[in-house]
Amino acid sequence: MSRIRIPRLPRAAGAPDIPLPEPPAALRRGPLREGAFGSALHDPRTAVVVGRLLGPAFAVCFLTGVLSHLMQHQPGWLALPSRPVWGYRVTQGLHVATGIAAVPLLLVKLWVVYPRLFAWPPARSVRHALERLSVAVLVAAAVFELAGGLLNIVQWYPWPFPFVPVHYWIGWVVTGALVLHIAVQLPTIVGHWRRARGTAVPQAVDGPSRRGLMAALGASVGVVTLATVGQSFSPLGKVSLLAPRRPGVGPQGLPVNKTAAGAGVLAPIRDPAWRLTVVGPRGFSVSREELLAMPQHTVTLPIACVEGWSASASWTGVRIRDLLERAGAPEHATLRVFSLERFSPYAVMEMRREYARDPLSLLALSLNGEPLAEDHGYPARVIAPNRPGVLQTKWVSRMEVVL
Ligand SMILES: Nc1nc2c(c(=O)[nH]1)N[C@H]1C(S)=C(S)[C@@H](COP(=O)(O)O)O[C@H]1N2
Ligand SMILES: [Mo]
């Protein structure tokens, strides 16, 4: 059995390539001895084949993740469209689906390449040591992102730091390390493509078992995807046994992210003296009955949670732009919305004009033909097109025109 061959890297011009001293032969035991890993599947070719699937999954996951970040923390220079209404539903559904599919892909990729952990000598040069360090960063960051993302889906936060910003920044670390990794491995990747296309494909003895590995990998990706994608793709809702939330399951046929009891708002939302206060050039305050007496509109819009589940529903209420006009807001004004919930990152939300002026953006009073359930935001909640679920503020009590 031959030792894992580590392809020689082309030397970049000017890169330091100072050879390190050879380590003593006495250390070469166990996994460090020559030929310790027998399977022919621990080869660069299999690593490339799996990498060709893992790379695109990470790319889609990263791009949709950055988009989600921009939509939740909209920078002043960026105008976001309120259409298509299902935009965020699709991009965030893809974010979570590609992240979940990447789990078996990453596990197999790590299994294929892990013998390299014991490559001997551990570093052939300073340059090689730096490369190995960048792979260590890539693996650690990728495992962190996928594990953290999965735990976030089941809303379990066993760590002391805020999940969202850390998930976001480590996403950049993964991407940077991945781009570097692909650049370093380019000779192997290109070599694989050449051989795949050319006639000189060696019909290696390991052919069937690599095919077997890829078939098993394809099957696992299929199973985890089918078991979860129904959380956003309703036709598959029934087979999505692992999805924490499914369209159609919950009060009024819609999943709940946080209950009214959990948010500690039961007392204020049940208070018959509840009023909506709108602060602006011609600010006003109205009861729920007065809101119901204003022109009502019904729209079909999805709630699309950052955690990947989404579900469409029929909402009825007052157009936000009607409230803005009544308050004398100028056309360009941003709207700030306050929930009765306190001490929550969702207690205050901002809505720029593209969303606030969209005729589909409502202060909803009813859901699927019934008065809003308490858990869905009674007495009034925001629903707007192409928005992350976290911005669909529930239990609204106050709106301010930001001039
Ligand atoms: N005040 C308040 N509004 C909120 C939330 C919250 O925790 N507090 N959760 C948000 C999130 S993350 C989502 S996905 C949607 C879910 O709406 P639903 O529970 O009515 O389905 O509400 C949003 N509005
Ligand atoms: Mo959410």
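Starting from 1, each residue takes its place in the sequence as its number. A quick note: this is a predicted structure, and the numbers were derived from the prediction, not measured. In listed order, ligands and their atoms are each counted from 1. All values below come from the heavy atoms of this structure, side chains included, with hydrogens, waters and symmetry mates left out.
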* Heavy-atom closest contact (Leu146 atom, Gly99 atom, distance) -> CD2-O, 3.5 Å

* Could you go step by step and tell me if His42 and Trp111 meet the ring-ring contact (aromatic ring centres under 6.0 Å, His included) rule? -> CA-CA 8 Å; His42 295 304; Trp111 177 81; 4.3 Å; yes

* Structure fact -> Any heavy atom of Phe338 under 4.0 Å from ligand 1? The part involved is neither

* To do: Indicate the ring-plane relationship of Phe161 and Phe144, choosing parallel, tilted or perpendicular according to the 30° and 60° boundaries.
  => tilted

* Asked: For atom 17 (O) of ligand 1, which of Met349, Arg381, Gln392 has the closest heavy atom?
  -> Arg381

* Note the single closest protein heavy atom to atom 9 (N) of ligand 1, along with its residue, its atom name and the distance in Å. => Asn257 OD1, 3.0 Å

* Is there a heavy atom in Pro255 that sits closer than 4.0 Å to ligand 1? -> yes

* Record the part of Cys305 in heavy-atom contact with ligand 1 below 4.0 Å; permitted values are side chain, backbone, both and neither. => both

* Atoms in ligand 1 flagged as close to Trp395, the criterion being non-hydrogen separation under 4.0 Å -> 1 (N), 2 (C), 8 (N)

* Asked: Who's the nearest protein heavy-atom neighbour of atom 10 (C) of ligand 1, and how far?
  -> Gly389 O, 3.6 Å

* Just wondering, more than 12 heavy atoms not from Arg342 lying within 6.0 Å of its CZ? -> no

* Can you pull out the closest protein heavy atom to atom 5 (C) of ligand 1? Residue, atom name and distance to 0.1 Å, please. => Tyr346 CD1, 3.6 Å

* To do: For atom CH2 of Trp156, decide whether the heavy atoms of other residues, nucleotides or ligands shown that lie under 6.0 angstrom number more than 12.
  => no

* Structure fact -> Residue, atom and distance of the protein heavy atom nearest atom 19 (O) of ligand 1 read Lys394 NZ, 2.6 Å

* Structure fact -> Residues Tyr88 and Ser68: closest non-hydrogen pair is OH-OG, 2.7 Å

* List every atom of ligand 1 that sits less than 4.0 Å from any heavy atom of Ser339, numbering the atoms from 1 in the order shown and giving each element. => 1 (N)

* To do: Grab the two heavy atoms, one from Arg270 and one from Glu374, that are nearest each other, plus how far apart they are.
  => NE-OE2, 2.7 Å

* To do: May I ask you to list the atoms of ligand 1 that are less than 4.0 angstrom from any heavy atom of Lys258?
  => 7 (O)

* To do: If you have a sec, work out which protein heavy atom is nearest atom 8 (N) of ligand 1 and how many Å separate them, to one decimal?
  => Glu341 OE1, 2.5 Å

* Asked: In terms of residue, atom name and distance, what is the protein heavy atom nearest to atom 20 (O) of ligand 1?
  -> His376 ND1, 2.6 Å

* Asked: Can you tell me how far the CG atom of Leu70 sits from the OH atom of Tyr168, to the nearest 0.5 Å?
  -> 6.0 Å

* Nearest atoms (heavy-atom pairs only) where Arg132 meets Pro122 -> NH1-O, 2.6 Å

